[in-house]
Chemist: 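Please see the structure below; I have some questions.
Each chain gets a letter, A, B and so on, in the order the sequences are listed, and its residues count up from 1.
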Amino acid sequence: MACHLAMESATHQQSEPPTLVSGEVESRSDIGPDSTSSSNGRVSWFEKLTIEQRILAGFSLVFVGILVITAVSYHNTSIVLTNSRLDGRSHDLLQLLSTIDVAMNEAEDAHRRYLVTGETSYLESYKKVVQQKPTFATYLRELTRGSTEQEQRAGVLERMMEKQLNAESKAIDQFDRGGFRAVKKMAIEGAGRRELGAVHQLITDMDSDERQAMNRRMADSAEGTKNTIVLLGLGAFLQLVLLAWVYYLIRHDITERRRVAEELQRRGELLEAANKELEAFSYSVSHDLRAPLRHIDGYAALLRKTVEQSLSEKGARYLQTISDAAKQMGQLIDDLLVFSRMGRQEMLHTSVNLEQLINNILADLRLDLQGREISWTIAPLPEVKGDPAMLRQVFVNLLTNAIKFTGTRPKASIEIGVERPNSAEVVIFVRDNGVGFDMEYASKLFGVFQRLHRADEFEGTGIGLANVRRIVHRHGGRAWAEGAPDSGATFFIALPTRSHEP
Amino acid sequence: MNAAKPIVLAEDNPRDAELALAAMEEEHISDKVVLCHDGAEVLDYLYCRGQFKSRLKGNPAVIFLDLKMPKVNGLEVLRTIKADINLRPIPVVMLTSSREERDLAESYALGANAYVVKPVEFHKFLSAVKELGTFWGVINEPPPEGLRSAQPHS
């Protein structure tokens with residue numbers, strides 16, 4: 001069934017005009033991958049980057065952007081935090097200043113009332129302020145620390161408070177010793193009135209300064225917050241743009257890859273179709289071309305038989321020539337088919353023991369070697385990787401050639417040897433002392449149906465070495481020859497030591 | 001000996017047929033040969049249809065089958081023969097120009113008894129056809145007929 005189907009599809013392929021297929025390939029190759037680029041010379045440096053580099057660049061920019069935004073936002077936010085902490089302290093300071101202001105007024109007021117009335121409750125109020133004074137001083141120092149101007153003022157303020165309280169204490173002492181009379185003047189004017197004025201002035205100054213500082217900080221924080229918001233917005237926008245760009249790049253790349261994959265698949269299908277066509281062609285050659293040749297030879301033989309009695313010597317020779325020509329063409333067709341099969345046959349990749357292979361071939365050739373004197377020199381041969389049947393074909397061709405072209409020698413010698421020029425390949429050569437060839441024609445040796453000898457000198461169709469080269473090439477190796485007229489030839493094949501996967 | 005049984009030669013090319021008959025003639029067996037010009041005729045013969053409606057019943061001694069024939073090709077004929085329990089015992093020799101490996105493989109897979117590539121050289125073709133005709137048509141003892149139960153059913 002499979003064969004039937006294969007044949008049907010093969011004939012179907014044949015019915016298509018082959019020029020159409022190849023023409024399609026041509027026109028498709030025009031819109032290859034290179035036509036999509038190179039249209040924009042302006043960003044040629046960018047075009048040179050691979051897609052991976054572009055995507056990496058895109059993501060790096062996004063990353064750097066995120067880092068910058070994070071750093072700046074952190075900086076701004078920490079300033080705002082510091083400011084709000086300082087604001088708390090300023091509020092405390094303002095409170096303290098107003099408390100001190102009230103307390104000092106109270107002290108002045110209370111000591112005067114005491115001087116005038118001698119009422120001890122006033123003295124109590126005054127003493128309370130005196131007791132509070134060190135606490136005030138401590139808080140003042142604490143709350144003004146860090147701001148030089150306010151610190152200095154706080155020092156002056158403390159001394160003024162001290163002075164005021166001292167003056168008032170002195171007046172109270174005098175009152176206790178000499179009564180109202182001794183302090184009359186002081187009681188009316190107030191002992192620390194001058195200092196109280198100074199204290200009040202200082203507190204006002206400090207208050208206004210602190211408020212100014214607070215306003216400055218508030219403006220500062222507002223500015224920082226605004227900047228942060230703007231930066232965040234801008235950064236987010238930029239990153240969105242960058243991410244969109246990277247997305248576009250990846251998307252574009254995927255589309256491109258998909259397109260290339262589809263193109264590859266299409267070409268593979270075309271190639272497969274062409275291969276099938278070729279197969280159908282060689283099948284047809286194999287079957288149809290042989291039939292007429294058989295008829296030519298057959299009818300020539302029948303004719304000979306029919307007219308045998310009356311046939312002249314010349315006539316017999318003509319008939320013989322017709323037969324010979326038909327046979328030769330049959331051989332050519334067979335050889336060509338083998339050659340074509342060598343090119344498309346599936347290859348095996350196994351270990352091939354060359355020593356064993358050569359021994360088998362020599363055993364098979366034993367019959368052909370009867371009556372010949374040949375001295376063989378065969379070096380220990382390695383194992384190589386490849387297709388056993390194909391490699392056998394190679395050595396059959398090389399050995400039969402060596403045997404054939406030493407046919408004129410009374411004592412032929414054939415050598416099979418190995419060279420290892422490097423670790424990547426192993427070279428096997430077949431050397432003979434036969435008729436050799438002119439190096440000038442060495443390039444023609446491996447061509448299909450190329451012969452360096454006349455047909456009546458040595459028989460053969462000239463396909464053997466073409467097969468050798470084709471098989472060796474399919475193994476990833478090389479084939480070449482050295483020689484000189486009448487002094488033998490050496491054929492080399494180099495095979496890769498590692499298996500060659502086409 | 002099976003002198004009475006005919007030899008079926010399926011050959012669409014009249015020249016090949018003539019050459020084959022010429023060869024058989026030398027062995028004096030050409031009068032036993034039934035020539036079919038395509039696969040359909042072979043099947044008509046085997047099933048006693050069409051132009052072979054009134055032929056004597058019985059299977060041939062051997063069928064020489066060309067691969068490439070019009071209407072029904074050799075492989076299809078072979079498949080039909082080997083699928084029919086009555087026809088399966090008939091020896092079938094593929095006689096073809098094709099050396100293609102897949103033809104060989106498929107023919108044997110379908111149960112061909114022999115596969116012979118027609119040689120280009122006439123004297124080889126002659127001796128091949130003579131030997132085939134003599135062996136399968138004269139020397140070889142064909143399977144007895146009517147022994148259906150003896151055939152293993154596959």
Chemist: Considering residues, nucleotides and ligands other than A:Gln320, do more than 12 of their heavy atoms fall under 6.0 Å from its CD?
Modeler: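 Buried by this count: over 12 neighbours within 6.0 Å.
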Chemist: What heavy-atom pair brings A:Arg294 and B:Phe125 nearest, and what distance separates the two atoms?
Modeler: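 The answer is CD-CD1, 3.9 Å.
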Chemist: Might you confirm whether atom CD of B:Glu101 has over 12 heavy atoms from other residues, nucleotides or ligands at distances under 6.0 Å?
Modeler: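 No, because the 6.0 Å sphere around CD of B:Glu101 holds 12 heavy atoms or fewer from other groups.
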Chemist: Please state whether the side chain, the backbone, both or neither of B:Asp16 comes within less than 4.5 Å of a heavy atom of chain A.
Modeler: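 Its backbone and side chain both get close to chain A.
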Chemist: Taking all non-hydrogen atoms of both residues into account, name the closest pair between A:Tyr299 and B:Arg15 and its distance.
Modeler: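 Closest approach of A:Tyr299 to B:Arg15: OH-CA, 3.3 Å.
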Chemist: Do B:Glu121 and A:Ser323 come close enough that some side-chain heavy atom pair is under 4.5 Å?
Modeler: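 Counting from C-beta outward, B:Glu121 and A:Ser323 never come under 4.5 Å.
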Chemist: For the residue pair A:His295 and B:Phe122, establish whether any side-chain heavy-atom pair is separated by less than 4.5 Å.
Modeler: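 Of all side-chain heavy-atom pairs linking B:Phe122 with A:His295, none is under 4.5 Å.
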Chemist: State, yes or no, whether a side-chain contact exists between A:Arg290 and B:Lys118 at a heavy-atom distance under 4.5 Å.
Modeler: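 In short, these two side chains do not touch, never coming nearer than 4.5 Å.
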Chemist: Hey, could you give me the NE2/CG distance between B:His123 and A:Asp297, rounded to the nearest 0.5 Å?
Modeler: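 One gets 8.5 Å once the value is rounded to the nearest 0.5 Å.
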Chemist: Does any non-hydrogen side-chain atom of B:Glu26 lie less than 4.5 Å from one of A:Lys305?
Modeler: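 Answer yes - side chains close enough.
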